[in-house]
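Everything numeric here is computed off the predicted structure, so don't read it as measured data.
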Amino acid sequence: MMTAQGLVIEKVAPGSIAAELGVEPGDRLVAVNNQPVEDILDYRFLTCEEELTLTLLKAGGEEWLCDVEKDFDDDLGLEFVDGGLGPIRRCQNRCLFCFVDQMPPGLRPTLYVKDDDYRLSFLHGNFITLTGLKERDLERIIRLRLSPLYISVHTTNPALRVKMLGHPRAGEIMEQLRRLGQGGIEMHTQVVLCPGINDGRELERTVGDLINLWPAVRSVAIVPVGLTRYREGLTPLRTFNREEAVEVVERVQSWQDHCLERFARAMVYASDEFYLLAGREIPSGLRYDDFPQTENGVGLVRLFLDEWERVSRSLPPSLPSLRRVTVVTGVLAESILAPVVERLNKVNNLVVNLAVVPSGLFGPSVTVAGLISGKDIVTALEGRDRGQALILPAVMVRQPEQVFLDGMTVQELSARLDCPVFVVDGPAGLVEVCLNYH
């Protein structure tokens, strides 16, 4: 008799292979081909075979052995409790720049969870630090070919990394990266840059070390530290000024020139925030390769500008009747949206207002649109003419629930402001609402 481990089945798709076998919700998948199933990763890896023997424990305790013959890409039709992951591995670091430590109370509960789980890195692109990995974990990552992974490096100086992450094993990063690379794992890395701590010569060392791990390390994103007004009792840090941002942007261009010549890939990127802060032009798409780190705020502006250039060519000269809308953004993106709004206002009978909303939730140092709360928008727009519709960028809300950081929903915002609210993803969606909403 197998011990009661494995994955508890939550749903069985009607008409699926599992349904034909008589598998039911509440059954537990213990093993595939006599190999224990620890989580969804084992399940996906082991069920790639065309001939399977499933070991199941029925809800009543009976053990079933089910033989399956299928094509390579056939799905068994199973969904598991907790997504087949079980407890998430929590972060054990005490990073001196941790954004979660700077969050105000009262936000969505999930925002306070610090995960450092290599499974979420593989499945969803979450960044991990590797400090909690044991030898068994490294072996499993390589055996299951969990590639690519997304890794927060911050610095390759062992002593400095221990200081920045507050973890005694943080200094093992280069050894871990080499081990993963030798095992065939590709990695996308990030450096959260803190002025006076891991910039300057330390950044030179870090980027140089990571470049030398090509082709295992596929990208290096450099993003500025994010600071809120909730830093009482935390390590004193500051944000970048314009001159320092210019220096970062210029240094990144130099690294890109080197990598393009050496690997035919730019490899090293500064986040969009650095270019906007520096007042520098956003690089062409060629400098972002295949845009591997858009979730990290790298290349989103370039994608927006390229899409806007295409969409703007088909704008009509006029609308049949007057339409008035308000486009909402954060402080940082004002310089990007202002020319877009100016061009839209050249369409006869279309009036577009740009509402730049500061972050009352996190404070003036936080300027990105993705950290604007529903209450911030209400505070900024209550009592103002909002026109016939409000247009928000999709980064402001969690999908598909359409809920802001503070728990307010888009529907609730619409009711508070007595105005239809549209959430759009890029210029095409923006233009669609401006021209065709009802």
Side-chain angles (χ1 to χ4, degrees), residues 1-92 110 113-126 128 130-151 176 179-187:
M1 173 73 71
M2 301 288 293
T3 57
Q5 298 174 347
L7 303 179
V8 177
I9 295 165
E10 184 173 53
K11 295 180 181 178
V12 180
S16 65
I17 294 173
E20 292 178 0
L21 291 171
V23 180
E24 300 172 311
D27 294 347
R28 186 183 296 268
L29 178 63
V30 177
V32 175
N33 291 342
N34 270 339
Q35 298 297 311
V37 177
E38 178 179 328
D39 56 27
I40 190 67
L41 300 181
D42 282 333
Y43 171 75
R44 290 185 179 181
F45 182 81
L46 293 170
T47 56
C48 286
E49 300 293 332
E50 296 182 347
E51 295 185 3
L52 306 174
T53 297
L54 310 180
T55 304
L56 292 153
L57 287 181
K58 301 293 286 183
E62 185 180 4
E63 182 178 289
W64 281 17
L65 295 178
C66 302
D67 292 327
V68 175
E69 291 188 10
K70 66 178 188 63
D71 292 334
F72 174 80
D73 56 354
D74 280 347
D75 182 68
L76 297 182
L78 297 176
E79 294 183 29
F80 302 100
V81 172
D82 296 326
L85 285 174
I88 299 302
R89 301 188 180 200
R90 301 301 177 91
C91 179
Q92 302 300 315
T110 54
V113 175
K114 302 181 186 179
D115 69 79
D116 199 17
D117 195 321
Y118 67 85
R119 301 172 302 170
L120 296 180
S121 183
F122 170 68
L123 292 171
H124 304 302
N126 293 20
I128 55 173
L130 307 182
T131 55
L133 287 191
K134 298 179 172 57
E135 176 62 25
R136 174 183 179 275
D137 299 318
L138 284 167
E139 291 175 352
R140 185 173 189 239
I141 289 170
I142 294 169
R143 175 173 54 84
L144 297 183
R145 299 189 290 275
L146 303 184
S147 180
L149 293 179
Y150 293 78
I151 299 171
Q176 292 171 318
R179 174 79 177 279
L180 291 171
Q182 290 165 359
I185 305 301
E186 292 186 356
M187 294 162 280

pair [X]-[Y]: side-chain heavy atoms closer than 4.5 Å:
X	Y	value
L65	T55	yes
L85	I88	yes
F122	L41	yes
R28	L7	no
S147	E186	yes
D39	R119	yes
L133	I141	yes
V32	T53	no

With sequence neighbours left out, write down each residue that passes side-chain hydrogen bond (donor to acceptor under 3.5 Å, both in side chains) with [X], or none if nothing qualifies.
X	answer
R89	D137
E24	K58
R136	E38

Listing, residues 76-83 side-chain donor-acceptor contacts under 3.5 Å, not counting sequence neighbours, or none:
none

field: R140 vs D42, salt bridge (charged side-chain N to carboxylate O under 4.0 Å, His left out): CA-CA, chis, key distance, verdict
entry: CA-CA 10 Å; R140 185 173 189 239; D42 282 333; 3.0 Å; yes
query: Which residue, V8, L29, V30, forms the side chain to side chain contact (heavy atoms under 4.5 Å, CB included) with L57?
result: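 Answer to the side chain to side chain contact (heavy atoms under 4.5 Å, CB included) test with L57 among V8, L29, V30: V30.
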- prompt: What residues, two or more places apart in sequence or in another chain, satisfy salt bridge (charged side-chain N to carboxylate O under 4.0 Å, His left out) together with E135?
  reply: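 For E135, the residues satisfying salt bridge (charged side-chain N to carboxylate O under 4.0 Å, His left out) (neighbours in sequence not counted) are R179.
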- prompt: Given the rule in the side-chain contact (heavy atoms from CB on, under 4.5 Å) test, do L56 and I9 qualify, once you have shown the distances and angles that lead to the verdict?
  reply: CA-CA 10 Å; L56 292 153; I9 295 165; 4.0 Å; yes
Check: residues 45-52 side-chain donor-acceptor pairs under 3.5 Å, at least two apart:
| residue | atom | partner | partner atom | Å |
| --- | --- | --- | --- | --- |
| T47 | OG1 | Y43 | O | 2.6 |

- request: Using the side-chain contact (heavy atoms from CB on, under 4.5 Å) rule, take R44 and L123 through it: C-alpha gap first, then chi angles, then the decisive distance, then the call.
  value: CA-CA 11 Å; R44 290 185 179 181; L123 292 171; 3.3 Å; yes
query: Minimum heavy-atom separation for A19 to A13, with atom names?
result: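 Where A19 meets A13 most closely, the heavy atoms are CB-O, 3.5 Å.
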message: If you compare all heavy atoms of W64 against all heavy atoms of G22, which two are closest, and at what distance to 0.1 Å?
response: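 That would be CZ3-O, 3.8 Å.
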message: Please report the interatomic distance OH(Y118) to CG(L149), rounded to the nearest 0.5 Å.
response: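 One finds 10.0 Å between OH of Y118 and CG of L149.
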task: Quick one: pull up CD1 in I151 and CG in N126 and give me the separation to the nearest 0.5 Å.
output: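 These two atoms lie 13.0 Å from each other.
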- prompt: Could you go step by step and tell me if V23 and L54 meet the side-chain contact (heavy atoms from CB on, under 4.5 Å) rule?
  reply: CA-CA 11 Å; V23 180; L54 310 180; 5.6 Å; no
